[in-house]
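Heads up, the thing below is written out as structure tokens.
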Protein chains: 2
Amino acid sequence: MPKETFFNLPQEKRTAIRQEAIAEFAAHPFNQASINRIVARSGIAKGSFYQYFADKKDLFLYLMQLAGEKKLEYMAPVMQQTDQHDFFSLLRELYVAGIRFARKHPEFAEISKRFMESKGTPLYEEVIANNMPTAYEFFETLLQQAIDRGDVRADIDVRMFAYLIASLNTLVLEYYSERVAQDYDEKMLTTVDKFIDFLRNGIGAPQAAMPPSQDRESFTAA
Amino acid sequence: MPKETFFNLPQEKRTAIRQEAIAEFAAHPFNQASINRIVARSGIAKGSFYQYFADKKDLFLYLMQLAGEKKLEYMAPVMQQTDQHDFFSLLRELYVAGIRFARKHPEFAEISKRFMESKGTPLYEEVIANNMPTAYEFFETLLQQAIDRGDVRADIDVRMFAYLIASLNTLVLEYYSERVAQDYDEKMLTTVDKFIDFLRNGIGAPQAAMPPSQDRESFTAA
DNA sequence: GAGTCACATGACTACCTGGTCACATTCTAC
DNA sequence: GTAGAATGTGACCAGGTAGTCATGTGACTC
């Protein structure tokens with residue numbers, strides 16, 4: 001957490017520092033991000049920086065917290081509607097919220113993404129340990145509920161699919177922003193819908209579909 | 001490419017350098033990997049290193065080439081059996097080959113993984129541009145053939161699913177090595193099979209399966 | 001023995017990093 | 001005005017980096 005001096009700063013200066021820090025960590029992974037650049041760009045002295053933050057990690061954790069808070073603003077409303085959706089449409093709303101967040105706050109999304117890729121580093125472990133239950137765990141309970149309600153096949157490996165669904169979340173986001181990108185709302189929804197339809201039904205042709213457990217004559221494609 | 005002097009080296013010394021370089025780039029991303037450490041560990045002088053390689057990038061590209069060659073040893077046999085499998089079982093073989101490669105050559109797999117995560121950097125663009133058609137393109141033609149043969153639903157977005165299947169390849173690998181790992185062959189096959197079954201059939205419960213194309217009166221949030 | 005050529009070497013350069021610290025400045029309270 | 005606390009500052013430190021280069025070495029040729 002930043003020191004008190006940081007919060008005593010005139011708002012203008014504070015947000016300037018914050019903006020430059022966000023930009024720096026969005027553009028470079030933790031070890032590559034440069035305090036020198038941040039202070040130069042935000043027009044403060046190096047010494048001042050260390051009056052606001054204990055060290056580089058302190059700043060980074062602060063930004064991670066900000067990112068988390070912002071993301072929660074997008075996810076929380078969806079979480080509260082769990083009863084009004086079946087599993088797949090809830091997932092759809094979660095994915096859509098994730099994309100909305102990434103579109104409105106690309107720097108935060110980038111920082112989070114970089115962070116996720118740092119799995120295995122001490123920094124990662126520290127943040128995860130101190131902060132949050134992972135998305136995996138969240139999806140695991142969600143998935144179990146879905147099975148109990150009959151929304152999802154009962155013969156699946158819950159742990160594995162929790163992992164897969166969490167990963168698919170970032171995957172749809174990457175695909176959307178890499179390949180579809182610009183015209184926001186319209187295509188976004190169809191992209192997400194395709195993913196969700198896939199989750200639900202797979203891509204096997206009707207005649208090729210084999211019953212995994214008991215018969216499930218599945219959908220009849222057009 | 002390394003200079004001639006490198007290939008003139010006594011084999012012992014050459015492989016020592018190569019091993020240490022592989023270990024270094026497996027443990028650190030490009031910018032973090034240290035030539036100083038490599039030369040110290042392989043017991044050669046800094047100056048000698050620059051008689052073998054033009055620069056750091058030169059070494060890295062060489063390792064990427066080695067990794068690619070090794071991986072091809074595992075994938076090529078599968079590629080030649082395209083006629084003997086339907087789409088999904090071919091995919092199964094490809095995934096399995098990928099895991100085998102990663103298990104036998106974890107350092108190479110790690111280097112490749114790190115590299116894939118560096119998407120967007122100039123180095124990435126350079127390697128991709130000079131070397132290879134991406135996995136996306138490969139899966140795209142494979143998928144189109146599968147549709148033509150009736151193995152796969154005809155109403156899917158081919159580009160998107162090529163992307164997804166390529167990504168799923170690394171995903172199954174990550175899941176396997178993170179969560180299942182140790183006892184090699186047996187569980188590996190069942191893990192892959194679960195992924196493949198999912199690709200084919202999705203995870204929707206039979207009664208929840210809806211026709212993908214027309215109507216499905218969406219999910220208007222309450 | 002002299003000359004030449006391939007390779008080996010490590011001190012060196014230029015440049016970066018995160019973090020410190022003695023000092024200067026400004027603000028607050030009396 | 002003046003004491004004292006809070007804040008600002010940039011030169012500086014120790015330690016890292018990739019890459020260079022003058023010098024050394026040993027083998028092979030004439």
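Just so it is clear, the model here is predicted, and its values are computed rather than measured. Letters go in sequence order (proteins before strands), and every chain restarts at 1.
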Requested in this report: Would you classify A40(A) as touching base, sugar-phosphate or nothing, given that sugar-phosphate means primed atoms plus P, OP1 and OP2, and contacts are heavy atoms under 4.0 Å?
Outcome: nothing

Report task. Tell me what Y52(A) touches on the nucleic acid: a base, only sugar-phosphate, or nothing, going by heavy atoms under 4.0 Å. Result -> sugar-phosphate

Requested in this report: Provide, to the nearest angstrom, the distance between the CG atom belonging to N31(A) and the P atom belonging to dT17(D).
Outcome: 12 Å

Query raised in the report: Parallel, tilted or perpendicular: which fits the ring planes of F101(A) and F108(A), with parallel below 30° and perpendicular above 60°?
Result: parallel

Query - Ion pair E178(A)/K119(B), N-O distance below 4.0 Å - result: yes

Report task. Take the protein atom NZ of K3(B) and the nucleotide atom P of dA6(C), then report the distance between them rounded to whole Å. Result -> 13 Å

Requested in this report: Would you mind classifying the nucleic acid contact of K57(A) as base, sugar-phosphate or nothing, using non-hydrogen atoms under 4.0 angstrom?
Outcome: nothing

Query raised in the report: Taking N and O atoms by type only, does the side chain of K56(A) place a donor or acceptor under 3.5 Å from a partner on the base of dG19(C)?
Result: no

Report summary line: Separation of dT7(D) atom C1' from N8(A) atom CG, nearest Å, is 10 Å

**Report entry** Pi-cation contact, F30(B) with K56(B) (under 6.0 Å, within 45°)
**Finding:** yes

Query raised in the report: Across the strands shown, which category fits S48(B) at heavy-atom distances under 4.0 angstrom: base, sugar-phosphate, nothing?
Result: base

Query raised in the report: L9(B) has a side chain; which of dA8(C), dG18(C), dT20(D) sits nearest to it?
Result: dA8(C)

Query raised in the report: Which is it for Y124(B) and F115(B) under the ring pair (Phe, Tyr, Trp, His ring centres under 6.0 Å) test, yes or no, and what are the steps along the way?
Result: CA-CA 7 Å; Y124(B) 178 88; F115(B) 173 70; 5.0 Å; yes

Query raised in the report: Nearest-Å distance, CG (D55(B)) to P (dT20(D))?
Result: 8 Å

Report summary line: Of K46(B) and A54(A), the one whose closest nucleotide on DNA chain C sits nearer the 5' end is K46(B)

Query - Carboxylate-amine/guanidinium proximity below 4.0 Å for R200(B) and D193(B) - result: no

Report task. Take the protein atom CG of N36(B) and the nucleotide atom C1' of dC16(C), then report the distance between them rounded to whole Å. Result -> 13 Å

Query raised in the report: Are OP1 or OP2 of dT17(C) and a side-chain N or O of S34(A) less than 4.0 angstrom apart?
Result: yes

Report summary line: To the nearest angstrom, the CD1-P distance between I17(A) and dT7(D) comes to 13 Å

Query raised in the report: Counting just side-chain N and O atoms, does Y50(A) come under 4.0 Å of either OP1 or OP2 of dT20(C)?
Result: no

Report summary line: Whole-Å distance, I38(A) CD1 to dG10(D) P, equals 18 Å

Report task. Please state how far atom CD in Q51(B) lies from atom C1' in dT9(C), giving the value in whole angstrom units. Result -> 9 Å

